Asker: 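Shown below is the structure under consideration.
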Amino acid sequence: MQDLIEDVLAAVPFIDMHTHLFAPEFGALGLWGIDELLTYHYLEAELFRFSAIHPHTYQAMTKSEQADLIWQVLFRENTPVSEATRGVIAVLQALGLQSDTPDLSEIREYFRAQELEPHITRVFELAGIDKVVMTNDPLNDTEAALWREGPKRDPRFEAALRLDRILNDWPDHFENLSKQGFRVQRECGGWTAFEVRRFLDGWCERMNPLYMAVSLPDDFEYPGSEPRNKLLTEAVLPACHEHGIPLALMMGVRRQVNPMIQLAGDGSGRSDLRALEHLCREFPNNRFLVSVLSRENQHELCVYARKFSNLMPFGCWWFLNNPSIVEEVTRERIEMLGMSFIPQHSDARILEQVIYKWRNTRRTLAPLLTGSYRLLAEDGGHVKRATIEKDVRRLFRGNLESFTRPRVSAPS
Ligand code: RAT
Ligand code: ZN
């Protein structure tokens, strides 16, 4: 049975529903190659555990000096058994490169020789994916300028309209909107919600996003009187409804627990999911894609998904994307929700990471699905290849397609 499941998992191309990758048209915003892989913030966090280097000294180095240091400390002086370090080894192996090369020069040479577009094709093939969803921030000036030029978009890259700056840091960003001619106020009075909605409408036209998304702190409360809730209910949710797209809520991040290590300095915390309960109940005509960062929130999320069909749990996000936790969370979801959830997204920031992240997902899921089908067979159910194919397609494509919009390619 496990061979059959491995076969099906390998044959079905997945859709990667949340990444930080960019289509080639976005130029330098899209990260790829060995120096980027080695300086991934998951690895930077590990560097500071194994090396005494001060974060400021590290941050003053060039990217290739940083990569050299991480290679030396995490891959030469120590054994790369953590999920993030092992991932680099897996990528090198998949691309036919030797991870025991004494220095990085050959590996760098390999990447220098790649042309981006065919390289993306190869990476996607190795990862077993055919589409990824980007994270697109209309308040990132560099990115916004590229969108305004109206880049021809590689159809393998879908957009997601990210709202963190607007919803979580309104006081720091409202002026950006007012400079663009929107009649908004710091306190969110007057025309603010109407104008934010107009802003979002414009960006929906421009980006044609698959969904809007926001990450939320562990202390997020709803209902509540802060600007975030006003903008959420009076601008974001009506705009999502009108454009027929879901809102993705990524709950439980504690930003900058240690600011000194920058991007590596975010943590996680348990959320009060009653906020989610309120949103699902009060906005039955909106759909919510939800990922929670705290392991302790996972069971409650499944319970809520049984209560609200406008809630779609997705992914084992960030600190949860480790085999032991993916196994636990996914088993719980299958037991409580059958195949009506989206098991994983890669969260890749660097192109080649999709290779190891999706390989790991398939490796963890194969025995898990085998166990579920075995129990069903023992209890008298019939499990055929066609059943498994249908389920795997649902999990890794169909549930996203039907929860977002039919325009994501139909299963091939
Ligand atoms: O996983 C990550 O790389 C995080 O830094 C975040 O980007 C997180 O996934 C997010 O989307 O906020
Ligand atoms: Zn992310």
Side-chain angles (χ1 to χ4, degrees), residues 15-22 26 29-32 36-48 55 70 82-85 87-88 91 129 132-140 143 157-169 173 209-220 228 246-269 271 288-295 297 313-322 325-326 329 342-358 360-361 400:
I15 299 174
D16 193 342
M17 65 156 290
H18 169 60
T19 75
H20 298 265
L21 303 180
F22 282 91
F26 290 83
L29 286 180
L31 305 181
W32 61 288
E36 297 294 351
L37 284 168
L38 288 171
T39 53
Y40 184 33
H41 68 88
Y42 291 26
L43 294 182
E44 290 178 333
E46 292 176 33
L47 170 73
F48 298 122
I70 290 185
S82 72
E83 188 68 5
T85 50
V88 176
V91 167
I129 56 175
V132 304
V133 182
M134 306 180 278
T135 295
N136 304 101
D137 181 354
L139 291 183
N140 173 319
E143 185 177 347
F157 292 78
E158 292 278 350
L161 175 44
R162 185 77 177 230
L163 305 169
D164 284 39
R165 286 198 170 131
I166 297 175
L167 289 181
N168 295 333
D169 292 316
H173 296 287
L210 208 54
Y211 57 83
M212 294 194 207
V214 63
S215 73
L216 293 167
D218 61 332
D219 59 4
F220 168 66
R228 178 169 43 214
L247 174 64
L249 301 174
M250 302 173 73
M251 307 179 71
V253 56
R254 297 189 59 226
R255 296 286 178 197
Q256 296 299 279
V257 168
N258 181 3
M260 208 195 288
I261 56 172
Q262 298 178 342
L263 206 49
D266 296 341
S268 76
S271 301
F288 299 92
L289 286 157
V290 180
S291 211
V292 285
L293 192 51
S294 154
R295 183 183 176 197
N297 279 137
F314 78 92
C316 294
W317 179 24
W318 200 343
F319 309 112
L320 304 171
N321 192 357
N322 305 313
I325 299 185
V326 172
V329 171
I342 299 169
Q344 194 52 301
H345 62 269
S346 76
D347 232 314
R349 276 178 185 264
I350 295 109
L351 174 67
E352 297 83 3
Q353 288 172 339
V354 292
I355 300 174
Y356 87 82
K357 294 198 184 222
W358 285 112
N360 291 356
T361 297
L400 178 70

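Computed from a predicted structure; not experimentally measured. Each ligand, and each atom within it, is numbered from 1 in the order the structure gives.
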Asker: Determine whether a donor-acceptor pair (N or O, by modelled atom type, separation under 3.5 Å) exists between the side chain of Ser268 and the backbone of Val253.
Answerer: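 No.
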
Asker: Please report the closest heavy-atom contact between Leu37 and Val88, naming both atoms and the distance.
Answerer: O-CG2, 4.3 Å

Asker: Report every pair formed by an N or O atom of ligand 1 and a protein N or O atom separated by less than 3.5 Å, giving atom names and the distance to 0.1 Å.
Answerer:
residue: ligand 1; atom: 1 (O); partner: Tyr42; partner atom: OH; Å: 2.8
residue: ligand 1; atom: 3 (O); partner: His41; partner atom: NE2; Å: 2.9
residue: ligand 1; atom: 3 (O); partner: Arg349; partner atom: NE; Å: 2.8
residue: ligand 1; atom: 3 (O); partner: Arg349; partner atom: NH2; Å: 3.4
residue: ligand 1; atom: 5 (O); partner: His41; partner atom: NE2; Å: 3.0
residue: ligand 1; atom: 5 (O); partner: Arg349; partner atom: NH2; Å: 3.1
residue: ligand 1; atom: 7 (O); partner: His20; partner atom: NE2; Å: 3.0
residue: ligand 1; atom: 7 (O); partner: Arg349; partner atom: NH2; Å: 2.5
residue: ligand 1; atom: 9 (O); partner: Trp317; partner atom: NE1; Å: 3.0
residue: ligand 1; atom: 9 (O); partner: Asp347; partner atom: OD1; Å: 2.8
residue: ligand 1; atom: 9 (O); partner: Asp347; partner atom: OD2; Å: 2.9
residue: ligand 1; atom: 11 (O); partner: His18; partner atom: NE2; Å: 3.1
residue: ligand 1; atom: 11 (O); partner: His20; partner atom: NE2; Å: 3.1
residue: ligand 1; atom: 11 (O); partner: Arg162; partner atom: NH1; Å: 3.0
residue: ligand 1; atom: 11 (O); partner: Arg162; partner atom: NH2; Å: 3.3
residue: ligand 1; atom: 12 (O); partner: Arg162; partner atom: NH2; Å: 2.8
residue: ligand 1; atom: 12 (O); partner: Arg255; partner atom: NH2; Å: 2.9

Asker: Checking Asp137 now: which residues fulfil side-chain hydrogen bond (donor to acceptor under 3.5 Å, both in side chains) with it, not counting sequence neighbours?
Answerer: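 Only Arg165 meet the side-chain hydrogen bond (donor to acceptor under 3.5 Å, both in side chains) criterion with Asp137.
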
Asker: As a quick check of understanding, evaluate side-chain hydrogen bond (donor to acceptor under 3.5 Å, both in side chains) for Asp16 and Trp358, giving each step before the final call.
Answerer: CA-CA 9 Å; Asp16 193 342; Trp358 285 112; 2.9 Å; yes

Asker: Is the closest side-chain donor-acceptor distance between Asn321 and Glu83 under 3.5 Å?
Answerer: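 Absent: no donor and acceptor within the cut-off.
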
Asker: List for me each residue that meets salt bridge (charged side-chain N to carboxylate O under 4.0 Å, His left out) alongside Arg255, sequence neighbours excluded, and say none if there are none.
Answerer: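 Arg255 satisfies salt bridge (charged side-chain N to carboxylate O under 4.0 Å, His left out) with Asp164, Asp266 once adjacent residues are dropped.
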
Asker: Around the Zn ion (ligand 2), how many protein N, O or S atoms are found at less than 2.8 Å?
Answerer: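 Of the protein's nitrogen, oxygen and sulfur atoms, 3 lie under 2.8 Å from the Zn ion (ligand 2).
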
Asker: Is there side-chain contact between Trp317 and Ser215, with heavy atoms separated by less than 4.5 Å?
Answerer: yes

Asker: Which residue in the set Ile166, Leu139, Asn168 passes side chain to side chain contact (heavy atoms under 4.5 Å, CB included) when paired with His173?
Answerer: Leu139

Asker: Any heavy-atom pair between the side chains of Ile261 and Glu44 that's under 4.5 Å?
Answerer: no

